[in-house]
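Below is one structure, written out as structure tokens; comments come after it.
In what follows, every chain begins at residue 1, and chains take the letters A, B, ... in the order their sequences are listed.
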Amino acid sequence: MATERYNPRDAEPRWQAKWNEENVFLTRNDDPREKYYVLEMFPYPSGRIHMGHVRNYAMGDVVARYKRARGFNVLHPMGWDAFGMPAENAAMQNKVHPKGWTYENIATMRGQLKSMGLSLDWSREFATCDVEYYQRQQHLFLDFLEKGLVYRKQSKVNWDPVDHTVLANEQVIDGRGWRSGALVEQRELTQWFFRITDFSQDLLDSLDTLDQWPEKVRLMQKNWIGRSEGMLIRWEIAENAGLTGEKDVTVYTTRPDTLFGASFLAISADHPLAKDAAAQNPEIMAFCEECRRAGTSLAALETAEKKGMDTGIRVRHPFDANWELPVYVANFVLMDYGTGAIFGCPSGDQRDLDFAHKYDLPVVPVVMPKDADAATFAIGDEAYVGDGVMINSRFLDGLSTEDAFETVATRLSAATLGNAPQGELKVNFRLRDWGISRQRYWGCPIPVIHCDDCGVVPVPKADLPVKLPDDVTFDKPGNPLDRHPTWRHVACPHCGKDARRETDTMDTFVDSSWYFARFTAPWEDNPTDPAAANAWLPVDQYIGGIEHAILHLLYSRFFTRAMQVSGHLDVKEPFKGLFTQGMVVHETYSRGEGARREWVTPAEIRIEELDGKRRALHLESGEEIAIGSIEKMSKSKKNVVDPDDIIASYGADTARFFVLSDSPPDRDVIWSEAGVEGAHRFVQRVWRLVSEAALSLKTAESRPGEEGDALAVSQIAHKTLKAVQADYDKLAFNKAVARIYEFVNALAAPLATAAAGKASPELASALCEAVGILIRIVAPMTPHLAEECWREIGGAGLVATSGWPAYQDSLVADNEVTLPVQINGKKRADLTIARDADQSAVEAAVLALEAVQAALAGQRPKKIIVVPQRIVNVVV
RNA sequence: GCGGGCGUGGCGAAACUGGUAGACGCAAGAGACUUAAAAUCUCUCGGCCUUGGCUGUGCGGGUUCGAUCCCCGCCGCCCGCACCA
């Protein structure tokens, strides 16, 4: 009986319509079953989806469908991270409105995602640029403001004088704006900040509770937060050189133990003391300017020479009033870490040592390795940064580094300078408060009003939303909100006088810092329904790219805490489980050189192989195209493969199955068409096997048939079920795929017997069950195929609403095991024996083996190692 | 520089963290079916020699009855942070 090939173009839309009709994936908040929240990082609507999206959402969908089958009430929503620069760039380049551009992209991409057959609750969909969403974000902002979690301060920013905008550090390339190419200036602007540093310690401590996060990500966050334990030490100014009125200067150090090795103080060019000095001395002024300019170029930092200038100011050593040290302005001291001032101990720090050599400052070794000889220990070109024993340090001599730290801390805390302690213990963090002001149009307006009389006035909640005006122009650089004729002019909510709206919008990272909470009740007037948020959160499984390991995840962790403080929910950590999936990468193709280089999409070329050499030829012109490096799929390099083509020719199931096969999900994959065909063969094979055997399986009981090993079929079915279940639990999709292949390979012969109408009733019944298991374990990956097969075998209802089958322990465990038998560690034979055979029984059986007898040649073995149910090793 | 990870066939990768190395898939080769093609099926497929072995998980040592896995020392690649006091 010839079976028709499975036709995804017919089947997939049919089942998608069916799921939709029956509201299979709508999630109710009042469902009594245990909850499971699975979320993939929502996409930026850049235009079309690419294979990276397919991989991300296929993984999430497997988890969602699997957990649904396991009986959980699954929340699996989708939305759009829709504010951001590309929309404004498109507006400037193509004269389209950011709003129109964004919503059109969303419509396209939504259609593409729907064609993948994802089990999403589309009723909860939103875009962050929806007024309904950003209104609630403004609400949150106001609540944070009230709780003191938001503040304004002057801050240095990278300012592009051509585009009239602030640039993020990564948008400054070699000191120039990435778009305009203009030299970037450092400007002081008043900006809004979120007080993320209020939670530094908690954000650090709680990392330990996130045991379902990759170790790597936790470590990255830990380093980013950057906790260090040290001291603040105040140094009395002995000589001000007529440059400052200050009486003392405070430094931060993690090595107070090395205090007797100090030979200079260094301060940042932005330190108040440096500013005082610069005001009095043009040379210092010039040097400070130079330091600031150098600071803009990120790459230059690496190689930048350590430079300093002696200010002439002198300070007294905290433990010796007669010991004076020079104060330098130095280009390597950062104003925003510690106090912007350090003491230099050249023997214990490589940078300080280089600096000391350059400016002829003393180098006194104060720490030596435990086993070194104090008489001969010296510092050459390399500082000794390790722990050890104190030397040349007066009352600290002989102490360990650790004890010296304690001693100095105790003494300085007790001592006073003026009327304050001379030193205090201080924990310092690298983490900075989060600046959220952006001088851009396409973002969430910051809901405050500036009044000449009342100052900064929050917009009353009743007046929300502060809506973005639609009638804006992009013909000039700068923020369109600034030059809008009317939008910024409003009355002060306090006094009613003319006032001005804040025209800055929020960093788009704010939008993505709480969307996962909004999904729990997107219909709410308030930002959240706390009951719903508390019930659903934390997200049980969050899936996304490693590129968000720090910022997005840290900001979301902060937001959750801030929302807890302001009563919007009552959990601390937003994401219980995190999985970082690998990228989909592809070769790049280009023609032309230098500035004229033009990228070519894979769709426009064909690859030819000649004498082992691969060549790329342009389809239209036949011209040879250069094959470039393998990189992450991106619009700019055009090395994207549009899933539409693959879905159109092979179907969504094949695309899904392929991206889940072969490679571990956390590793990058190189896209290859050959792999797609392999996956498609599997889809067709499952369909053929199931459909060919389906009829005879149903009728087998009525007639006698050939013997078949029904038990073997049941055993592999249940073993596979158990293993695949474990793989899905661990998100090891590639291993699940391999096991399913093995399973299908094992079923092929018995199913052929059945298809020929020769299966015994026992075999037919075992096959019936096995096929049912097969359909349900492939269903999370290839859901349309599963439905089609399910109908073919006469399954009740939909696979999508069927439960997960339970494996039987008795069928999973074998009564007999086959042990490899090694002689001196090399495998020489197999031994099949009862599973519960004891040591002596196994030994006896092993000694009886021909191969063992031959190896022993009549001798007694030295040793026999029996690892139960695993291996036997005979040592001769 | 600091921190982390990885290195297994022609390719993507498995191997229950000390127990048969290379499961499964891709590619390749041979064959069957076919007028032919597609589809499908069967077999081969790390390397070296003659059956049977030997050898093999980046390289060199070590621990162990037994090492892809643990320890020491190299080599190579990738990622993150980067003047953090």
Classify the side chain of A/Arg870 versus the base of B/C16 as yes if they form a donor-acceptor pair under 3.5 Å and no if they do not.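 For A/Arg870, whose side chain was compared with the base of B/C16, there is a donor-acceptor pair (under 3.5 Å).
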For the side chain of A/Lys306 and the base of B/C83, is some donor closer than 3.5 Å to an acceptor across the two?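 Between B/C83 and A/Lys306, which were checked side chain against base, a qualifying N/O pair under 3.5 Å is present.
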[atom1] gap between [N] and [M], integer Å:
| N | M | atom1 | answer |
| --- | --- | --- | --- |
| B/C54 | B/G12 | C1' | 29 Å |
| B/G47 | B/G61 | P | 25 Å |
| B/G22 | B/A14 | C1' | 7 Å |
| B/U68 | B/U55 | P | 13 Å |
| B/C6 | B/C16 | P | 14 Å |
| B/C59 | B/C77 | C1' | 15 Å |
| B/C74 | B/A23 | C1' | 33 Å |

Calculate the interatomic distance between A/Asp662 atom CG and B/A23 atom P; express it in whole Å.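 So the two atoms are 13 Å apart, to the nearest Å.
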Report which part of the nucleic acid [X] touches: base, sugar-phosphate, or nothing (heavy-atom distance under 4.0 Å, all strands).
| X | result |
| --- | --- |
| A/Lys862 | nothing |
| A/Val333 | base |
| A/Arg681 | sugar-phosphate |
| A/Asp352 | nothing |
| A/Ile865 | base |
| A/Arg739 | nothing |
| A/Arg828 | sugar-phosphate |
| A/Gln822 | base |
| A/Gly678 | sugar-phosphate |
| A/Val867 | base |
| A/Ser663 | sugar-phosphate |

Say whether, by atom type as modelled, one donor and one acceptor occur between the side chain of [X] and the main chain of [Y] under 3.5 angstrom.
| X | Y | result |
| --- | --- | --- |
| A/Arg835 | A/Val817 | no |
| A/Asp668 | A/Gly582 | no |
| A/Arg432 | A/Phe429 | yes |

Short side-chain N/O contact from [X] to OP1 or OP2 of [N], under 4.0 Å:
| X | N | result |
| --- | --- | --- |
| A/Lys735 | B/A14 | no |
| A/Tyr741 | B/G25 | no |
| A/Asn734 | B/A14 | yes |
| A/Arg685 | B/A39 | no |
| A/Lys222 | B/G3 | no |
| A/Arg430 | B/A82 | yes |
| A/Arg351 | B/G1 | no |
| A/Asn745 | B/G25 | yes |

Can you tell me the Watson-Crick or wobble partner of B/U42, both distances under 3.5 angstrom?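 Paired with B/U42, as far as the under-3.5 Å criterion goes, is B/A30.
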If B/C2 has a Watson-Crick or G-U wobble mate with both distances under 3.5 Å, name it; if not, just say none.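 Pairing partner: B/G80.
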For A/Phe332 and A/Phe355, I'd like to know if the aromatic rings sit close, meaning centre-to-centre distance below 6.0 Å.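 Ring centroids of A/Phe332 and A/Phe355 are less than 6.0 Å from each other.
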Can you sort out the partners of A/Pro272 under side chain to side chain contact (heavy atoms under 4.5 Å, CB included), two or more places apart, ordered by chain and number?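 For A/Pro272, the residues satisfying side chain to side chain contact (heavy atoms under 4.5 Å, CB included) (neighbours in sequence not counted) are A/Met335.
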5' priority, RNA chain B, between A/Lys827 and A/Arg667 [closest heavy atom]: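 Comparing both residues, the 5'-ward one is A/Arg667.
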On RNA chain B, does the nearest nucleotide to A/Pro820 precede the nearest nucleotide to A/Lys863 from the 5' side, or the other way round? Give the residue.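 This one resolves to A/Pro820.
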When you look at CG of A/Asp381, are more than 12 heavy atoms from neighbouring residues, nucleotides or ligands closer to it than 6.0 Å?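 No.
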Atom NZ of A/Lys222 with >12 non-hydrogen neighbours under 6.0 angstrom: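 Open: at most 12 neighbouring heavy atoms sit under 6.0 Å from NZ of A/Lys222.
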A/Asn873 side-chain proximity, nearest of B/C41, B/U20, B/C65: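 Nearest to the side-chain atoms of A/Asn873, counting from C-beta on, is B/C65.
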Tell me which one of A/His680, A/Arg681, A/Glu677 satisfies side-chain hydrogen bond (donor to acceptor under 3.5 Å, both in side chains) with A/Thr654.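 Exactly one candidate clears the test, A/His680.
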